[in-house]
Structures are given as structure tokens and as C-alpha cells.
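Worksheet: the structure to be examined is printed underneath.
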Amino acid sequence: MAVRIDVITLFPEFMHECVKFGVVGRAVQRGLLEVRAWNPRDDATDAHRSVDDRTYGGGPGMVMMIEPLRSTLRKVRQATPEPARTIYLSPQGTRLTQDKVRQLANAPRLILLCGRYEGVDERLLEHEVDEELSIGDYVLSGGELAAAVLVDAIGRLQEGALNDAQSAQQDSFSDGLLDCPHYTRPEQHELGAVPAVLMSGDHAAIRRWRLKQALGRTWLRRPELLEDSSLDDEAKKLLQEFQRDFRDHP
Ligand code: 4G1
């Protein structure tokens, strides 16, 4: 099912640019993903078309004002009949995960609100926003890149946006684990040879090798990911093999 995403941003062209390329660009072309961007400056009412003002309590920095955003939200919500979940991209939000992406990808419609300056007047967030999501713990100059991350992650999941090989890979063990290493031509290179098993044509052995590498790399680099994944017997055995190989040849 297709998804429509309305993004409220002071830089609408940025969002339009972000969905022009690759898998997501194709999802848009095929009508599986529709992205609209709305500029709250168009709904500002004063002569200067102000969207931000000084922060109460003093100090540096500006805050996005309630009224232009509320007018934009009203306009966006009126643009289609179906109800939309409104998400504020914010460093105060819960961390975006692939589980969350999968959940949101099933909604028919989303509204994403991007902050600039010091962010948005808290009263608008309390009354008009359903959920706050963060893409990570670092400082950005605006929520647009975070919105673009979410749009990309949702867009690539829209049916038909991936080719067969890509969707097959999605359902395989790779779920919840880091990826295995990948190789392409040439087989022999000054920088090394491709692991022999990948050249063997033994598809079962290749699948096991890839799963073992994915498990091993997850254990080495992101062990916390293994804590919330329940490994089946085969995966447990392959991880133990990897750990033994690693201890013998560190
Ligand atoms: C305090 C990072 C402020 C940033 C603490 C991830 C960051 C939106 C995100 C900031 C933003 C930390 C995000 C900060 C984001 C208002 C305008 C908020 C931009 C803004 C760790 C600036 N995921 N940041 N404040 O970056 O929007 O979604």
C-alpha cells in the first residue's frame, strides 16, 4: 500500500531533492510514495512573514512560533480526508529503529514536522504532535535531515520499491543483525582474495558463512544488538564457531 508523507519545513526544496534518487526516487515515480513539503512561512501573517521569535526567559536563540505552524498543520490536514499521525523529529524523541520504521511504513499517511533554531514552542508540541522521534544523539541545524532519514527508510519498504533480490535479503537472517561482508570482481586482487566459500557454488555453505559473519560482526561491534535478538540453534552454533575462530586467530 502506498504512503503519503507531508513534511512541514522552512526548506521544502531540500525534502523534494531528497526523494529524487535511487530506490526511493523509484518508489515516488511508481506512485508508492508521495512526499509533499509545506513551508510555514507561507502561513505567516505579519509583514515580515515571521515564523520564529525570541525565547521567553531570555538567552540566545529563536523558537518557532505556534501560529504559522498551526495554520500549516490545519491546511495539511485538510488536504486529504484520512487522518494522519503527526511526528516531530526531535533530539528529545524516542530513538528511531527499524521496528518503528516498519510500523510507520504501514500507515497510509504521516505528517512530519521539522524544527529549526532552538526548536518549536512546547505548547504546539503538546497539542498537535502525536509522537517525537530522534535519529540519534548529536546536534543538527534542523530536523530536515532526520525527516529525510525517516522518509528514506519508509520509502524503500513500500511494496515494489525493492527488486526481488533486495526483498529476499530483507526477509533473511540479516534482520536485527549487522550485515555480512560483501565482495565483487575481481576474485584476486592486490588487496586480497575473495573468501573461497563464496566461489564454491555451495549455496547452503554460503548462507551459513554469511550468517556466521553477520553474527560475528554483530558480536564484535554491536554486542547489545544480540541481547534483544533470540538466536535459534543454528545461529547459536555459528556464533560459537565464530567466537572460537576469533579466539584462535585474533
Ligand atoms: C540538544 C538530532 C539539542 C538533532 C541535544 C537528532 C541535539 C531531529 C533531530 C540538539 C535533531 C541534542 C534529531 C539539537 C534536531 C531544533 C532544530 C532541534 C534542530 C535541532 C543531542 C537542534 N532527530 N535538532 N538541536 O540538535 O532537530 O530528529
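Here the structure is a predicted model, which means the values were calculated and not measured. Numbering of ligands and ligand atoms starts at 1, following listing order.
Of all atoms in ligand 1, numbered sequentially from 1 with element shown, those under 4.0 Å from a heavy atom of Tyr117 are 16 (C), 17 (C). Residue contact check: Gly119 has heavy atoms under 4.0 Å from atoms 16 (C) of ligand 1. Residue contact check: Ser134 has heavy atoms under 4.0 Å from atoms 6 (C), 23 (N), 28 (O) of ligand 1. Taking every heavy atom of Arg116 and a limit of under 4.0 angstrom, the matching atoms of ligand 1 come to 17 (C). Numbered from 1 in the order shown, with element, the atoms of ligand 1 that lie under 4.0 Å from a heavy atom of Leu133 read 28 (O). Close contacts of ligand 1 with Gly143, meaning ligand atoms under 4.0 Å from a residue heavy atom, involve 27 (O).
Here's the thing with Ala146: none of its N/O atoms is less than 3.5 angstrom from an N/O atom of ligand 1. For a threshold of 3.5 Å applied to N or O pairs, the pair formed by Ser90 and ligand 1 contains at least one separation below that value.
A donor-acceptor contact closer than 3.5 angstrom is absent between the side chains of Thr80 and Arg4. A donor and an acceptor atom, one from each side chain of Arg77 and Thr86, are located under 3.5 Å apart.
In this structure, Phe242 and Trp219 have perpendicular ring planes: the angle between them is above 60°, well past the 30° mark.
The heavy atom nearest to atom 23 (N) of ligand 1, considering only Leu112, Ile135, Val149, Val120, is found in Ile135. Among Gly115, Pro91, Ser141, Gly93, the residue whose heavy atom lies closest to atom 24 (N) of ligand 1 is Pro91.
Heavy atoms only, all atoms of each residue included: Arg217 and Pro181 are closest at NH1-CG, 3.4 Å.
Nearest protein heavy-atom neighbour of atom 21 (C) of ligand 1: Tyr138 O, 3.6 Å. In terms of protein heavy-atom proximity, atom 26 (O) of ligand 1 is nearest to Leu140 N, 2.9 Å. Looking only at protein heavy atoms, the nearest one to atom 6 (C) of ligand 1 is Gly136 O, 3.2 Å.
Heavy atoms of Leu96 stay at 4.0 angstrom or farther from ligand 1.
With respect to Arg74 and Asp43, no salt bridge is recorded, no charged nitrogen being found less than 4.0 Å from a carboxylate O. Ionic pairing of Lys236 and Glu241 is not present here: no N-O contact between side-chain nitrogen and carboxylate oxygen is shorter than 4.0 angstrom.
A donor-acceptor contact shorter than 3.5 Å is absent between the side chain of Ser50 and the backbone of Asp52.
The side-chain heavy atoms of Glu34 and Arg36, taken from C-beta on, include a pair separated by under 4.5 Å.
Heavy atoms of other residues, nucleotides or ligands lying less than 6.0 angstrom from CG of Asp248 number more than 12.
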